[in-house]
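Hydrogens, waters and symmetry mates are skipped; everything else that's a heavy atom, side chains included, is used. We count residues from 1, following the sequence as given.
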Amino acid sequence: MVTSMLDFNVMCDEQTGALYIETSISGKHLLTLPQLNKSTAFTNEERQSFGLLGKLPNRVETLEEQVRRTYLQFSSYTSHLQKNIYLNNLNDKNQILFYELVRQHLGEMLPIIYTPIVGTAVKRFSHEYRQPRGLYLTHTDENQLADIIKNRSNPEIDVIVVTDGEGVLGIGDQGIGGMDIPVAKLMVYSLCGGINPLRTLPIFLDTGTNNQELLNDPFYLGCRHPRIPTEKYDAFIDKFVQTIQANFPNAFLHWEDFGRANARRILNKYQHTMCSFNDDIQGTGAVTLAALLAAVEVTNQPLQAHRIIIFGAGSAGTGIGDQIVDALKHYGLTEKEAYDRFWLIDRQGLLLENDDALTDAQKPYARSLNEITDWQTNDKLVPSLSDTVKHIQPTILIGCSAQPGAFSQDIIETMALNCDRPIIFPLSNPDEKCEAQPENILQWSHGKALIATGTAFPAVEYQNRLMQIAQCNNALVFPGIGLGVLAAQARFLSPKMILAAAHALSHFSPSRKDSFLPLLPLLGEAQTVAKHIALAVANAAIDEELAPAQSSEDIEQRIHTLFWEPRYLPFKKRAVRP
């Protein structure tokens with residue numbers, strides 16, 4: 001089984017079934033390849049066979065001993081960005097050691113390599129650039145995409161994460177700095193979902209940037225011009241998808257951080273061309289739905305009995321709404337009844353049916369003008385968030401607006417006055433973009449609110465009790481979805497498969513034992529959670545005939561077989577081919 005376009009194979013011993021690495025690479029070159037480097041863990045026999053004698057200190061270490069040293073080195077750095085740089089440099093030198101270190105300290109280190117600290121790294125990309133990873137596909141090279149794809153390091157690709165950097169987290173257009181996002185996402189796939197990093201590929205699509213600060217930066221490494229027109233952009237995306245489909249027809253294609261105008265329509269156009277997934281839309285929707293399912297269980301009111309406001313109706317907001325609609329239809333509501341449970345608010349205010357600026361994703365949520373005839377809206381033509389909260393008395397309030405402080409004391413107190421356990425999810429990230437601080441929500445609601453945030457917050461002390469705040473972290477759901485797709489060999493990703501993922505995640509809610517515990521599990525449980533999500537997703541794919549028929553036991557065994565874990569393999573010398 002060939003696992004790299006570098007000169008090595010991962011082989012299986014026919015008699016023992018044990019894996020080993022066969023390669024002709026030796027000497028200093030072997031120590032510079034992060035996929036192969038074991039550093040001080042090379043055995044004496046391997047040092048003799050591969051020309052490493054004298055190139056390493058005398059002592060042969062175990063992986064565990066190396067992990068202890070690297071953790072001390074990691075802990076010596078004081079800033080989050082320094083720690084992020086250290087971990088990425090370690091990954092550039094020794095891939096197995098990097099993954100084992102982070103695996104053992106997942107709760108501490110995942111926020112450093114992923115959200116929220118990756119946002120800082122994205123902003124500093126061109127200034128802190130050290131090592132290339134993945135592939136950069138530039139729109140001017142659209143006729144050479146097939147040749148560029150051939151330059152990848154790994155021939156067998158299971159998961160691709162691609163971005164154009166236009167809608168990064170809550171910080172917008174970051175141009176080529178967005179490449180750090182696919183790199184980080186694929187680390188999470190490997191750490192939480194057991195996807196072999198040798199079978200992943202991060203891709204950046206460089207179509208320019210509209211961020212003038214980047215265009216003025218002499219260190220900026222991307223195309224130094226505004227983003228190309230829609231017609232050229234669409235042609236470039238189409239050629240990209242054709243190239244990926246031709247080279248990796250069975251890969252799971254993950255779209256990430258595309259701009260508001262493009263994310264939804266790209267997903268809609270290609271979701272049945274390849275097995276495609278947009279984490280900003282579907283992943284955010286699934287993890288939020290999981291938290292909601294846990295929360296409504298605490299309220300003893302079914303999801304279909306709730307009134308839902310979503311503040312911020314972009315890709316994330318409408319994606320969350322769509323996942324909840326799918327769930328409501330699953331619970332027996334008609335499509336109209338499901339949409340009638342929602343009030344979405346965007347920049348212009350409450351979405352109304354006479355608004356010509358509504359996107360296709362927003363239109364199903366638009367309310368009738370007749371509904372607001374008697375509303376008092378402070379002389380505004382369109383009701384605001386405060387107006388809407390006052391008139392409909394929501395039981396669920398979700399924020400995807402990146403407007404800090406939008407959930408004011410008055411809004412929270414109004415919800416708490418009209419609802420025994422209001423569900424309030426300020427999901428915008430990073431934390432400085434959050435619609436309300438969890439501490440304030442608890443105080444203003446007198447401890448009644450059920451809270452989940454988009455970024456990690458420390459525990460909040462309330463009435464002599466330390467309250468852990470749930471984080472709607474997509475890392476809890478997308479690795480399991482990807483693993484389930486691969487295990488089932490699913491052709492496409494369906495709404496029912498995503499719903500299955502949300503239900504599987506909700507079953508891990510600590511709030512099932514105590515209503516004041518978090519609505520979602522901690523990141524330290526991510527691997528266990530991913531395996532259960534994968535099984536649920538795979539079974540759903542089989543039920544819908546989107547994957548070959550297999551028993552649940554066979555799928556469970558396949559998940560176990562596929563699940564990659566970092567460990568050093570023994571090396572055997574391969575003769576150099578003439």
Side-chain angles (χ1 to χ4, degrees), residues 4 6 8 10 19-21 23 25-114 117-118 120-121 124 128-131 133 180 183-184 186-192 194-198 200 475 522-527 563-571:
S4 176
L6 298 168
F8 76 91
V10 176
L19 298 178
Y20 64 93
I21 290 176
T23 182
I25 301 172
S26 62
K28 185 69 173 179
H29 190 34
L30 189 57
L31 299 176
T32 61
L33 292 174
Q35 301 95 329
L36 296 181
N37 184 24
K38 296 197 287 186
S39 186
T40 54
F42 279 110
T43 67
N44 288 323
E45 292 78 9
E46 289 169 342
R47 297 180 189 201
Q48 181 71 45
S49 299
F50 290 90
L52 299 177
L53 286 178
K55 292 185 176 295
L56 296 164
N58 178 68
R59 183 180 169 191
V60 176
E61 290 189 303
T62 65
L63 178 57
E64 183 58 37
E65 288 171 328
Q66 291 178 324
V67 166
R68 287 199 292 269
R69 178 185 295 106
T70 50
Y71 184 69
L72 286 175
Q73 294 171 352
F74 168 85
S75 301
S76 71
Y77 293 97
T78 55
S79 80
H80 291 320
L81 181 58
Q82 287 174 329
K83 290 181 176 183
N84 174 278
I85 291 171
Y86 171 80
L87 290 174
N88 277 284
N89 283 342
L90 179 62
N91 191 26
D92 291 336
K93 295 174 182 176
N94 186 328
Q95 195 172 80
I96 296 295
L97 179 55
F98 163 79
Y99 279 106
E100 181 60 15
L101 171 66
V102 180
R103 186 193 69 80
Q104 290 190 22
H105 302 278
L106 196 61
E108 178 182 4
M109 293 185 179
L110 200 61
I112 300 294
I113 62 170
Y114 182 50
I117 305 307
V118 70
T120 304
R124 298 288 303 167
E128 298 290 347
Y129 181 81
R130 286 170 170 79
Q131 179 82 9
R133 288 209 199 111
D180 273 347
V183 169
L186 287 169
M187 289 176 181
V188 179
Y189 268 112
S190 297
L191 286 162
C192 300
I195 306 299
N196 189 334
L198 293 178
T200 66
L522 298 176
L523 285 175
E525 299 180 66
Q527 286 194 347
F563 204 93
W564 176 86
E565 293 181 346
R567 61 190 176 99
Y568 288 138
L569 297 178
F571 277 56

- Using side-chain hydrogen bond (donor to acceptor under 3.5 Å, both in side chains) as the criterion, point out the one residue from Q66, K38, R69 that pairs with E61. R69
- Message: Checking Q104 against E64: is there a side-chain donor and acceptor pair closer than 3.5 Å?
- Response: yes
- Message: Using only atom types and a distance under 3.5 Å, with no angle test, would you say the side chain of Q82 pairs donor to acceptor with the backbone of S79?
- Response: yes
- Query: Would a 4.5 Å heavy-atom cut-off, applied to side chains only, mark T40 and P57 as touching?
  - Reply: yes
- Distance col, row E65:CD vs T62:OG1, nearest 0.5 angstrom, shows 3.5 Å
- Item | Greater than 12 external heavy atoms within 6.0 Å of R567's CZ | no
- Sequence-distant partners of H105, ring pair (Phe, Tyr, Trp, His ring centres under 6.0 Å), two or more places apart: Y71
- Task: List for me each residue that meets ring pair (Phe, Tyr, Trp, His ring centres under 6.0 Å) alongside F563, sequence neighbours excluded, and say none if there are none.
- Result: none
- Query: Are any of the side-chain heavy atoms of N94 and P34 separated by less than 4.5 Å?
  - Reply: no
- Test item: P570 and L19 side chains (from C-beta on) under 4.5 Å apart, heavy atoms: no
- Please report the closest heavy-atom contact between S190 and Y99, naming both atoms and the distance. CB-CE2, 3.6 Å
- Measuring from Q35:CD to I25:CD1, what's the distance to the nearest 0.5 Å? 9.0 Å
- Note on the structure: d(I112 CD1, Y77 OH) to nearest 0.5 Å is 13.0 Å
- Message: I want to check something: taking the side chain as every heavy atom from C-beta on, are P566 and V102 in contact at a cut-off of under 4.5 Å?
- Response: no
- Task: Using a 4.5 Å cut-off on heavy atoms from C-beta on, say whether the side chain of L31 contacts that of L56.
- Result: yes
- Message: Going by side-chain contact (heavy atoms from CB on, under 4.5 Å), Q95 matches just one of L33, N37, L198. Which one?
- Response: L198
- Task: Could you tell me whether the side chains of N88 and R133 share a donor-acceptor contact shorter than 3.5 Å?
- Result: yes
- Can you measure from CG (N89) to CZ (R130) and round to the nearest 0.5 angstrom? 5.5 Å
- To the nearest 0.5 angstrom, please state how far the CG atom of L30 sits from the CZ atom of F571. 5.5 Å
- Quick one: does E108's side chain get under 4.5 Å of F74's, heavy atoms only? yes
- Query: Any sub-3.5 Å donor-acceptor pair from Q527's side-chain atoms to L191's backbone N or O?
  - Reply: yes
- Item | Those residues that, when tested against Y114, pass ring pair (Phe, Tyr, Trp, His ring centres under 6.0 Å) (two or more places apart) | none
- Item | Note, L97 side chain near N91 side chain (heavy atom, < 4.5 Å) | no
- Query: Do N196 and Y189 meet the criterion of a side-chain donor-acceptor pair at a distance under 3.5 Å?
  - Reply: no
- Message: Donor-acceptor pair, distance only, cut-off 3.5 Å: does the side chain of E46 make one with the backbone of T43?
- Response: yes
- Message: For F50 together with F42, are the ring centres under 6.0 Å from each other?
- Response: no
